[in-house]
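For reference, the structure is listed below as C-alpha cells.
FYI, side chains are in, hydrogens and waters are out, and symmetry mates aren't considered; it's all heavy atoms of this structure. Everything quoted here is computed from the prediction, not taken from an experiment.
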Amino acid sequence: MVVKIRLKRMGAKRRPYYRIVVMDSRSPRDGRTIEELGYYHPVEAEDKQVKFKEDKVREWLEKGAQPTLTVRKLLNKNNFFIK
C-alpha cells in the first residue's frame with residue numbers, strides 16, 4: 001500500500017478549500033483519510049493560506065509517505081523543504 005500526502009477538496013462551489021491529508025493512493029479524492037495534517041485555503045490572504053503540523057508531516061515522510069507535486073510545492077513555499 002502506497003500512502004500519499006495529498007489535498008482533499010472541501011467547501012462550496014467557487015469557494016473551495018483543501019485539507020492536507022494522508023491517504024491510501026488508491027482512494028478517491030474525497031475518500032477515507034488516515035490523518036489530517038493541515039489545510040490550504042486559496043481564497044484567503046496569502047499569509048493565512050496554508051497551515052500544517054510540521055511534526056506530523058515529518059513523521060509521515062519518515063514512514064515513507066509520498067507527497068503529491070502540489071503538496072510538495074505548498075510545503076516548500078512555506079519553508080518546509082522536501083527534496
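The aromatic ring centres of Phe52 and Phe80 sit less than 6.0 Å apart.
Lys63 is linked by a salt bridge (charged side-chain N to carboxylate O under 4.0 Å, His left out) to Glu59, counting only residues two or more places apart in sequence or in another chain. Every salt bridge (charged side-chain N to carboxylate O under 4.0 Å, His left out) that Arg26 has, sequence neighbours left out, goes to Asp24. The salt bridge (charged side-chain N to carboxylate O under 4.0 Å, His left out) check on Arg6 picks up nothing, with sequence neighbours excluded. Lys53 meets the side chain to side chain contact (heavy atoms under 4.5 Å, CB included) test with Asp55, Lys56; sequence neighbours excluded. By the salt bridge (charged side-chain N to carboxylate O under 4.0 Å, His left out) test, Glu44 pairs with no residue at all, sequence neighbours left out. Among residues two or more places apart in sequence or in another chain, the side chain to side chain contact (heavy atoms under 4.5 Å, CB included) test is passed with Glu62 by none.
Residues Tyr18 and Met10 have side chains not in contact (no heavy-atom distance under 4.5 Å, counting atoms from C-beta outward). Leu37 places a side-chain heavy atom less than 4.5 Å from the side chain of Val22. At a threshold of 4.5 Å between non-hydrogen side-chain atoms, the residues Glu36 and Ile20 do not count as touching. Here the side chains of His41 and Val43 are in contact, with some heavy-atom distance below 4.5 Å. The side-chain heavy atoms of Arg29 and Arg9, taken from C-beta on, include a pair separated by under 4.5 Å. In this structure the side chain of Lys8 reaches within 4.5 angstrom of the side chain of Thr33, judged on heavy atoms. Counting heavy atoms from C-beta on, the side chains of Leu61 and Pro67 come closer than 4.5 Å. You'll find the side chain of Val21 stays beyond 4.5 Å of the side chain of Ile5, heavy atoms only.
Transitive grouping of hydrophobic side chains (ILVMFWY, heavy atoms separated by less than 4.5 Å) brings Val3 and Val71 into a common cluster. Residues Met23 and Leu7 fall into different hydrophobic clusters, defined by Ile, Leu, Val, Met, Phe, Trp and Tyr side chains chained together at heavy-atom separations under 4.5 Å. Both Trp60 and Tyr40 belong to a common hydrophobic cluster when Ile, Leu, Val, Met, Phe, Trp and Tyr are linked at side-chain heavy-atom distances under 4.5 angstrom.
Arg15 CZ: 12 or fewer foreign heavy atoms inside a 6.0 Å radius.
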